[in-house]
Amino acid sequence: MLKENINLKLQNKELQEAKEKALTEVSKVKSAYAEKTRILDTKQWKIKNAKRNQNALIQRKAEELYTVKKHTQQALNLSFLLYSCIITLFTAIRSETLRMDSMAFLTQTWNILRAIALNVSKAAIRASEWGGRAEKQSLAIVLHNVLPFIVVLAALALFGFIIYLFIGLGKIYKEYFWDRLSLFITFFSLAGIIFFADLIRNKIPINLIILFLLVQCIYILLRSLVRLFKNLP
């Protein structure tokens, strides 16, 4: 009986040692697996980071290349525009028909402004004379001096209102119509009138400056109609 107890103790001891050894081996396997998992995650993170950096580098290089091409194209367009403007300017200077029409337009504009100023002056004088006809001398003196001032002030107010309208129209044109198409129409209509000034003048008896303004008005009218039709339901 004593011998059997000793054997059982030995067996339990061996079983306990085997169990501890198995737990140690399992712990080692778990540690090795965790280390391999950590290494694999690190490699995957490095691969993702490398791909992210590569994509960012490709994107940056593409943006730099696009910027260079864009600036090069803008420089070429600007050079062509400047060259075209210089050629057009020299052609305009050499065109006798265009010089005559420009002088006629400016002269007519000056005559109109001078006629308006003269009419305002005459109206002020008549208002002064009318005010001097008042029965009371004190009232006549006041009206004689105040009425011309009122007439001139009204004329200046009307002139300022007209300028305000033109400024408003300019803002509307800049907001809704000023784009590449407008620049194209403006430049090429001006260039066409300049280069073919003599031919146009022989076919159409109209001042070339007025013709240019008329072309711009027609263009704005057509653009307005197109915009109106697009907004219709």
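Distance CZ/Arg223 to CD1/Ile220: 9.5 Å, rounded to 0.5 Å. Atoms CG and CZ, from Asn119 and Arg114 in turn, are 11.5 Å apart once rounded to the nearest 0.5 Å. Note: Phe188 CZ to Phe195 CZ = 10.0 Å, rounded to the nearest 0.5 Å. Leu190 CG to Leu98 CG: the interatomic distance, rounded to the nearest 0.5 Å, is 8.0 Å. Atom OH of Tyr66 and atom NE2 of His71 lie 9.0 Å apart (nearest 0.5 Å). Distance CD1/Ile209 to CG/Leu214: 13.0 Å, rounded to 0.5 Å.
Here the closest heavy-atom approach between residue Trp178 and residue Leu183 is recorded as CH2-CD1, 3.9 Å. Of all heavy-atom pairs between Ser189 and Thr186, the closest is OG-O, 3.0 Å. Gln216 and Ile185 get closest at one heavy-atom pair: NE2-O, 4.2 Å. Contact between Thr97 and Ala197 at its shortest, heavy atoms only, is CG2-O, 4.3 Å. Between Ala123 and Val151 the shortest heavy-atom distance is CB-CG1, 3.9 Å. Annotation for Pro148 and Ala124: closest pair CG-O, 3.6 Å, computed over non-hydrogen atoms.
Phe177 and Phe184 end up in the same hydrophobic cluster when Ile, Leu, Val, Met, Phe, Trp and Tyr side chains are linked at under 4.5 Å. The hydrophobic clustering, which links ILVMFWY residues whose side-chain heavy atoms are closer than 4.5 Å, places Ile150 and Val152 apart. Criterion: ILVMFWY side-chain heavy atoms under 4.5 Å apart, direct or through other members. Under it, Ile193 and Ile87 are part of a common hydrophobic cluster. Hydrophobic clustering (ILVMFWY, side-chain heavy atoms < 4.5 Å, transitive): Leu158 and Leu147 are in distinct clusters. Each of Ile112 and Ile162 belongs to its own hydrophobic cluster when Ile, Leu, Val, Met, Phe, Trp and Tyr are linked at side-chain heavy-atom distances under 4.5 angstrom.
Contact check for Tyr219 versus Leu181: side-chain heavy atoms found under the 4.5 Å cut-off. Looking at Val68 and Thr72, their side chains come closer than 4.5 Å, going by heavy atoms from C-beta outward. Between Phe159 and Val120, every side-chain heavy-atom pair lies at or beyond the 4.5 Å cut-off. When side chains are defined from C-beta on, Asp101 counts as touching Arg201, because their heavy atoms get closer than 4.5 Å.
For Tyr173, the OH atom is densely surrounded, since the number of other residues' heavy atoms within 6.0 Å is greater than 12. Applying the 6.0 Å contact sphere to CZ of Phe196 captures no more than 12 heavy atoms from other residues, nucleotides or ligands. Annotation for Glu64: atom CD counts as buried by contact number, over 12 foreign heavy atoms lying within 6.0 Å. Within 6.0 Å of atom CZ in Arg99, more than 12 heavy atoms from other residues, nucleotides or ligands are found, so the atom counts as buried in its surroundings.
Hydrophobic cluster membership of Leu118, counting Ile, Leu, Val, Met, Phe, Trp and Tyr whose side-chain heavy atoms lie under 4.5 Å apart directly or via other members: none, as it forms a cluster of its own.
Paired with Asn207 under the rule side-chain contact (heavy atoms from CB on, under 4.5 Å), one option of Leu211, Ile204, Ile210 passes, and it is Ile210.
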